[in-house]
Amino acid sequence: MSGVASGLPEHPYPVNIDMRGRLAFVVGGGAVAARKVGTLLHCGAKVVVISPALDPRIDRSRVDWREKSYKSGDILAAGDGMAADVPFVVLACTDDANVNAQVVRDAQAAGVPLTNNVGDPAQSDFYNVAKIETDDCLLTVSTKGRDPARARRLKQELCEWVGGMM
Ligand SMILES: C[C@@]1(CC(=O)O)c2cc3[nH]c(cc4nc(cc5[nH]c(cc(n2)[C@H]1CCC(=O)O)[C@@](C)(CC(=O)O)[C@@H]5CCC(=O)O)C(CC(=O)O)=C4CCC(=O)O)c(CCC(=O)O)c3CC(=O)O
Ligand SMILES: NC(=O)C1=CN([C@@H]2O[C@H](COP(=O)(O)OP(=O)(O)OC[C@H]3O[C@@H](n4cnc5c(N)ncnc54)[C@H](O)[C@@H]3O)[C@@H](O)[C@H]2O)C=CC1
């Protein structure tokens with residue numbers, strides 16, 4: 001599928017971001033949020049989660065969980081008790097497409113630099129990647145937002161290859 005046809009970029013800009021001490025605001029606390037929160041914590045981010053329920057794989061002692069449904073205005077209040085600023089990253093991770101779309105609109109209006117809607121790459125500033133990390137190496141795989149299951153398979157193949165090399 002071409003980027004033009006799908007509305008996705010042909011050539012996304014690949015980067016590694018220093019998340020240490022930066023505020024990540026996650027809406028929804030389910031299975032997908034659990035994976036993204038795990039990665040954010042691993043990278044040193046401060047994480048706020050807004051969700052009426054929290055997946056047991058999310059470590060409650062390491063996130064600021066606000067046990068409620070998302071409302072417009074929550075993003076600007078996200079820093080309370082943790083940081084004074086607007087979140088650096090917002091992830092819309094609920095199972096409700098309307099809520100996720102509202103989160104994206106609110107984040108853009110609030111001037112959040114990086115927003116991701118896990119259910120709609122066309123409403124995202126960036127896509128999460130599959131990764132293999134060692135002490136001194138980070139290998140990442142992306143299908144430019146088009147085929148996440150393929151990214152996962154490629155990562156598994158790469159893992160076998162790296163395992164043979166390192
Ligand atoms: C656009 C993107 C947005 C983003 O998340 O940033 C996105 C979007 C979507 N994912 C969907 C489904 C699944 N995604 C996974 C897994 C991963 N997804 C990841 C990234 C991304 N997923 C971004 C683009 C990546 C790229 O560019 O290649 C990985 C690589 C990184 C990570 O999430 O950490 C991680 C593997 C990590 C690893 O293995 O290491 C699995 C497998 C599983 O959960 O076990 C399934 C189950 C279904 C299946 O198997 O197909 C759906 C359909 C939802 C639905 O409607 O049901 C959408 C929405 C859509 O595409 O429209
Ligand atoms: N990007 C990716 O890697 C993937 C994305 N998806 C997409 O992610 C969506 C979520 O999937 P799961 O996490 O498996 O769903 P889930 O059902 O496990 O979790 C949804 C979470 O959203 C919360 N929620 C619902 N309404 C809310 C609201 N108004 N405010 C705050 N929180 C709210 C729920 O309490 C729950 O914690 C799916 O609908 C699918 O579109 C699915 C698989 C992978």
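Worth saying up front: this structure is predicted, and the values here are computed from it rather than measured. All residue numbers in this chain count up from 1 along the given sequence.
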Should Val63 and Ile58 be marked as a side chain to side chain contact (heavy atoms under 4.5 Å, CB included) after you check the CA-CA gap, both sets of side-chain angles, and the distance that decides it? CA-CA 8 Å; Val63 302; Ile58 296 178; 4.0 Å; yes
Kindly indicate, with the supporting measurements, whether the criterion side chain to side chain contact (heavy atoms under 4.5 Å, CB included) is fulfilled by Asp106 and Val103. CA-CA 5 Å; Asp106 294 344; Val103 171; 5.8 Å; no
Running the 4.5 Å side-chain criterion over Ile, Leu, Val, Met, Phe, Trp and Tyr, what cluster does Leu138 land in, apart from itself? none
Residue pairs meeting side-chain hydrogen bond (donor to acceptor under 3.5 Å, both in side chains), one or both in residues 16-31, sequence neighbours left out, come to Asp18-Arg20
Applying a strict under-4.5 Å side-chain criterion to I, L, V, M, F, W and Y, I'd like to know whether [X] and [Y] cluster together.
X: Val104; Y: Val112; value: no
X: Leu114; Y: Val15; value: yes
X: Val90; Y: Val86; value: yes
X: Val99; Y: Ile75; value: yes

Starting at [atom1] of [X], measure out to [atom2] of [Y] and round the result to the nearest 0.5 Å.
X: Leu158; Y: Ile132; atom1: CG; atom2: CD1; result: 4.0 Å
X: Leu139; Y: Lys155; atom1: CG; atom2: NZ; result: 11.5 Å
X: Phe25; Y: Cys93; atom1: CZ; atom2: SG; result: 11.0 Å
X: Gln108; Y: Gln123; atom1: CD; atom2: CD; result: 8.5 Å
X: Thr115; Y: Leu91; atom1: OG1; atom2: CG; result: 8.5 Å
X: Glu67; Y: Ile50; atom1: CD; atom2: CD1; result: 11.5 Å

Under a 3.5 Å threshold, yes or no: a donor from one side chain and an acceptor from the other, between Gln102 and Asn98? no
Side chains of Thr94 and Asn100: do they bring a donor and an acceptor to under 3.5 Å? yes
Is it true that a side-chain atom of Lys144 and a backbone atom of His11 form a donor plus acceptor pair closer than 3.5 Å? no
Hey, mind stepping through Arg62 and Val47 against side chain to side chain contact (heavy atoms under 4.5 Å, CB included) and telling me if it holds? CA-CA 8 Å; Arg62 296 185 68 200; Val47 180; over 6 Å; no
Test side chain to side chain contact (heavy atoms under 4.5 Å, CB included) on Thr143 and Tyr127; report intermediate values, then the result. CA-CA 9 Å; Thr143 63; Tyr127 320 124; over 6 Å; no
Please tabulate, one pair per line, all N/O donor-acceptor pairs under 3.5 Å involving side-chain atoms of residues 26-44, not counting sequence neighbours.
unit_1: Thr39; atom_1: OG1; unit_2: Arg35; atom_2: O; d: 3.3
unit_1: His42; atom_1: NE2; unit_2: Glu133; atom_2: OE1; d: 3.0

Any non-hydrogen side-chain atom of Val89 less than 4.5 Å from a side-chain atom of Met19? yes
Please walk me through it: do Lys68 and Asp74 pass salt bridge (Lys or Arg N to Asp or Glu O under 4.0 Å)? CA-CA 10 Å; Lys68 63 195 275 292; Asp74 287 344; 2.6 Å; yes
Could you go through the side-chain hydrogen bond (donor to acceptor under 3.5 Å, both in side chains) check for Arg153 and Gln156 one step at a time? CA-CA 5 Å; Arg153 285 197 306 276; Gln156 282 161 348; over 6 Å; no
